[in-house]
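This report refers to the structure that appears directly beneath it.
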Amino acid sequence: MLIEERLRAGWASTTWAQSTAYVVFAFVIYLIVVFTYRLTLHPLAKYPGPFFARITDWPLVAHCIKGDRHLWEFKNHQKYGPIVRYGANSISISTPSSIPLIHGPKANVKKGAWYKTLDISAGAPSVQMEIDKHQHAMRRRFLAPAFSERALKEAEKLITITAKKLSTGLSQGGEKDWSQPKNFSDWATFFGFDFIIDLGYGKSLEMLDKEDNRWVPDTLKSASVFLYYSGYLPFIEVVRPLMGTSVQDYIGGKTAADSLKFTNLANSRLADRMEEERIKAQADAQQKENERKDTFHYLLNSKDAVTGKSFTTQQLQADSALIIAAGSDGVGLTIGACMFYLLTNPAVLARLTEEIRGNFSSLDEIKNPKLGGLPSLPREVLKGGLNLDDHFIPQGITVGSPIYVIHHDPIVFPDPWSFRPERWIASSRGNSPEMVSAVKATSIPFLIGPLNCIGKNMSYIALKLALAYILFENDLRISGELTGGGSPLQAVEERRRVGEYQMEDWILGFRDGPMVEVKVRS
Ligand code: HEM
């Protein structure tokens with residue numbers, strides 16, 4: 001009784017300041033216990049990495065916001081070796097041998113929790129966000145007809161129209177003499193959006209023709225920043241239920257609002273397209289045969305051969321936003337990167353131009369520039385663990401292949417900062433077939449395995465057509481001082497390589513330049 005009275009008296013005399021101090025004290029003790037565990041008894045305790053990244057995910061979040069995660073990973077691997085702990089529960093492994101072990105068909109992993117946030121505003125998981133392996137496989141089966149050989153043949157015809165427009169738009173003002181300076185990455189971005197939206201919904205945003213819709217890529221950029229870092233926030237489980245609602249505008253500011261704006265754009269395009277398909281369904285058989293078969297024609301008519309199910313509207317909405325984002329930007333970035341490396345390597349540009357204008361031979365060797373600002377895409381180890389080289393990684397750990405680091409591995413890619421398309425050709429400049437096989441196996445801009453990019457073949461078609469039309473019809477030169485590359489004045493050492501196309505890594509790779517002048521070929 002006496003004790004109880006004393007306790008009551010004690011609480012009654014406790015001030016707010018004292019209560020706050022107790023809470024703070026308890027929190028500090030909690031953090032000390034958690035950090036000590038992560039540095040000593042945690043299954044990843046033995047792996048090296050930056051000190052703060054080994055105890056918390058905040059450094060990772062900071063680099064995702066800054067857009068230099070790929071460079072951070074590069075620096076970490078240079079310092080700590082092929083296995084780096086970059087988060088409390090995450091490691092990145094840069095050995096070529098680990099690629100099939102993490103991404104191959106038998107890899108004992110699923111997509112990491114980061115994916116739960118990626119398409120949150122869409123209301124249903126897109127194929128990329130589908131973490132469950134069986135559900136994901138079903139979604140891939142739904143999508144398959146839109147990326148089949150038959151669909152790609154149709155796609156080629158449609159992409160050709162947009163590639164011609166790119167060439168014409170770019171050369172405007174260059175009919176007689178060199179044009180005014182143009183930002184090539186902007187034009188490549190317009191092409192990416194126009195071809196994918198035309199192909200997807202049967203009606204492009206006409207960014208190559210007029211200015212009205214040129215605001216869309218900025219919205220996507222803003223949305224990407226938000227979705228990139230928020231998925232890694234240490235308290236994301238608490239925030240996630242609020243995402244996709246109007247609360248998102250308040251917690252994430254402009255970037256979050258833009259994320260919703262972008263989703264709404266994709267949804268409204270899809271709604272128009274579904275209405276069109278409903279009307280078309282009433283057309284007679286002959287009309288149906290002649291109609292244009294865009295991506296959503298295949299998706300809206302797709303049925304899974306195994307389960308007999310079709311897409312729900314919400315799944316279609318999620319995949320529609322994903323395809324616009326993944327397709328447009330990946331292709332825009334790659335064309336921009338190709339042109340940067342061609343213009344800064346005049347001998348390669350001259351040879352390619354000659355081939356295109358001569359016998360229009362293949363662009364196969366050019367299509368593999370050192371693509372991708374991509375860092376490790378998170379894969380979570382499943383029950384039973386994962387054997388990676390000589391390491392056993394237990395269930396629940398996040399593993400990933402740092403693509404940018406791997407693409408600059410000097411053992412597989414000697415002289416890794418140079419643009420050398422002949423790396424992909426056996427016997428040219430002493431490349432043995434083994435060297436070329438190693439290059440091909442280690443070059444993974446689209447990843448490999450069941451979770452890889454479904455748009456890989458379509459991307460190659462778009463890349464080849466865009467580059468071929470531009471170079472067949474025009475001459476190009478760098479305008480003034482080179483832009484788009486690194487600069488010796490940059491504070492971050494990894495941003496000083498003048499000959500490297502610079503990207504901000506915000507899931508997609510954002511870029512600016514090179515500025516070019518264009519002249520229609522006489
Ligand atoms: C050069 C261009 C492109 C590059 C470098 C690229 C790269 C990638 C990569 C690395 C992934 C795996 C992402 C992950 O696991 O989180 C991916 C997934 C995906 N990409 Fe692409 N992509 C490109 C173009 C395209 C195009 C043109 C389309 C569609 C028309 C597309 C549609 C998709 C889809 C739907 C996924 C999700 C696949 C899944 O989760 O099963 N991509 N892409």
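The model shown is predicted, which means the values in this text are computed figures rather than measured ones. Both backbone and side-chain heavy atoms feed into the values below; hydrogens, waters and symmetry mates do not. The residues of the chain are indexed from 1 along the displayed sequence.
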Gap separating the [atom1] atom of [X] from the [atom2] atom of [Y], nearest 0.5 angstrom:
{"X": "S230", "Y": "F235", "atom1": "OG", "atom2": "CZ", "value": "9.5 Å"}
{"X": "Q395", "Y": "L386", "atom1": "CD", "atom2": "CG", "value": "12.0 Å"}
{"X": "I461", "Y": "K456", "atom1": "CD1", "atom2": "NZ", "value": "13.0 Å"}

*Tell me, please, which residues at least two apart from F190 pass ring-ring contact (aromatic ring centres under 6.0 Å, His included).*
W187
*asked:* Under the rule for ring-ring contact (aromatic ring centres under 6.0 Å, His included), what residues qualify as partners of Y501, not counting sequence neighbours?
replied: F340
*Can you check side chain to side chain contact (heavy atoms under 4.5 Å, CB included) on I93 and H391, steps first, answer last?*
CA-CA 11 Å; I93 304 149; H391 303 263; over 6 Å; no
*Name all residues meeting the side chain to side chain contact (heavy atoms under 4.5 Å, CB included) criterion together with L316; count only those two or more places apart in sequence or in a different chain, and write none if there are none.*
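Expected list: L270, M274, F296, L299, L300, F311.
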*Is the distance between the ring centroids of F74 and H70 less than 6.0 Å?*
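No - the distance between ring centres of F74 and H70 does not fall below the 6.0 Å cut-off.
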*Between Y232 and Y86, ring centroids under 6.0 Å*: no
_Given 3.5 Å as the limit, does a donor-acceptor pair link the side chain of R495 with the main chain of D68, or not?_
no
*Run the side chain to side chain contact (heavy atoms under 4.5 Å, CB included) check on Y115 and L377 step by step: do they pass?*
CA-CA 9 Å; Y115 286 90; L377 288 161; 3.6 Å; yes
*Do you know which two heavy atoms are closest between S98 and L388, and how far apart they sit?*
CB-CD2, 4.1 Å
